[in-house]
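Read the numbers this way: they start at 1 and go in the same order the structure lists the ligands and their atoms. Counting from 1, the numbers follow the sequence of the chain as shown. Basis for what follows: all heavy atoms, side chains included, without hydrogens, waters or symmetry-related copies. None of these values were measured; they are calculated from a predicted model.
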Amino acid sequence: MTLLAFETSCDETSAAVVRAGEALSNVVSSQVALHAEYGGVVPELAAREHLRNLIPVTQTALREAAVVVGQLDAVAATQGPGLPSALMVGVKAAQALAFALRRPFIGIHHHEAHLYSPWISGHPPKADFEKFQPNVSLVVSGGHTLLVHVTTELNHRVLGSTMDDAAGECFDKTGKLMGLAYPAGAEIDRLAEQGNPKAFDFPRPMLHDAKDDFSFSGLKTSVRYFLRDNAGVLDDTRKIRDLCASVQAAIVEVLVAKTIRAARRLRVRCVTASGGVTCNRALRSALATACAREGFTLRLAERTLCTDNAAMIGILAERKLLKGESNSHDAEIAPGMQLG
Ligand code: KG4
Ligand code: ZN
């Protein structure tokens, strides 16, 4: 079976060709530089860029995979959640192509695709579901922070989510307060490498709360007050590094502690993590240390598959199609879709 998949939920235009669990191509065109000027994603600009880029990105993906449109057995796209106008571009293009080819369309939940992305690895990326184990999964991105119990493949229950800002949003917004360009997560990661994570003491929101939910807006506010009272910090490179390391340490400690606690409570032996924030080196290393200590197997999404990409959409779509799932050619976009 050969599938074409699109991802256009936010600021990445991506197309991938997937066959038998393998991404034959995975082309990602990032709009990050365009939105950086505005300090965040501008939905209408994002949609316009998707419209401009989707066809060339798709042509490249087909060419790299050495596949022609007539060979496609199905077309998939991220159906939600995401920016409505951005989702519309990928979903409507996928549906139109699937309809014209008389092939099924599969709408994919963006977070569900991230959730299963740690099971994709190698070059070219290939699904590795035969190694699947029941797990507790952390999905951390710019728009979402979820803790999920995955019992069997494609069966999962959300344990907790963020009550306000997502972890990536916290990185991006605190970075903005420090004067860093959007999105600031990767830059905080880089600056934190040479900083002291214990230099400044920031709150660990909901660390000891019995629920599996997260909250990061209070941490962002405490960074705002810290900078109001210590404005000179931003004039000192060493102190900026310490600030980045201290903020990062607060976010990472909460994410890791709550993930490990849920894994222990649910008696799973495996932990997975995915989404853009999983690129963060401190998070990867803290999860590795904690999982080694607890005797858990850890599966981290590969860095190139942490941020938004169509390979994870296509690989999940193929699994669903094999189980007989597909959607109507005029199914609506689902910007506010929740993970079940
Ligand atoms: O999954 P993703 O590409 O898009 C969403 O679905 O949101 O994640 C983007 C998020 C941004 O908030 C970005 O700052 C964050 O991932 N991010 C990082 C790092 N790389 C990307 N956060 C912390 N450390 C990083 N190295
Ligand atoms: Zn994402």
Plane angle bin for Phe129 and Tyr116 - parallel if under 30°, tilted between 30 and 60°, otherwise perpendicular: tilted

Summary of side chain to side chain donor-acceptor pair (under 3.5 Å) pairs that have at least one residue in residues 307-317, sequence neighbours excluded: His110-Asp308, His114-Asp308

Modelled atom types, side-chain donor and acceptor of Gln71 and Thr2, under 3.5 Å: no

Protein N/O/S atoms closer than 2.8 Å to the Zn ion (ligand 2): His110 NE2, His114 NE2, Asp308 OD1

Heavy-atom neighbours of Arg228 CZ exceed 12 at 6.0 Å: yes

Minimum non-hydrogen distance to atom 26 (N) of ligand 1, winning option of Asp308, Asp189, Asp11, Val252: Asp189

Proximal candidate to atom 19 (C) of ligand 1 [heavy atom criterion; set Ser117, Ala186, Ala184]: Ala186

Structural part of Gln248 in contact with ligand 1, heavy atom criterion under 4.0 angstrom: neither

Pairs satisfying salt bridge (Lys or Arg N to Asp or Glu O under 4.0 Å), at least one member in residues 93-112, at least two apart: Glu112-Lys320

Nearest-option assignment for atom 2 (P) of ligand 1, heavy atoms, candidates Ser141, Gly275, Gly142: Ser141

Cys306 heavy atom under 4.0 Å from ligand 1: yes

Which residues share a salt bridge (charged side-chain N to carboxylate O under 4.0 Å, His left out) with Arg19, sequence neighbours left out: none

Ring geometry between Phe226 and Phe202 (parallel below 30°, tilted from 30 to 60°, perpendicular above 60°): perpendicular

Nitrogen or oxygen of Asn280 less than 3.5 angstrom from that of ligand 1: yes

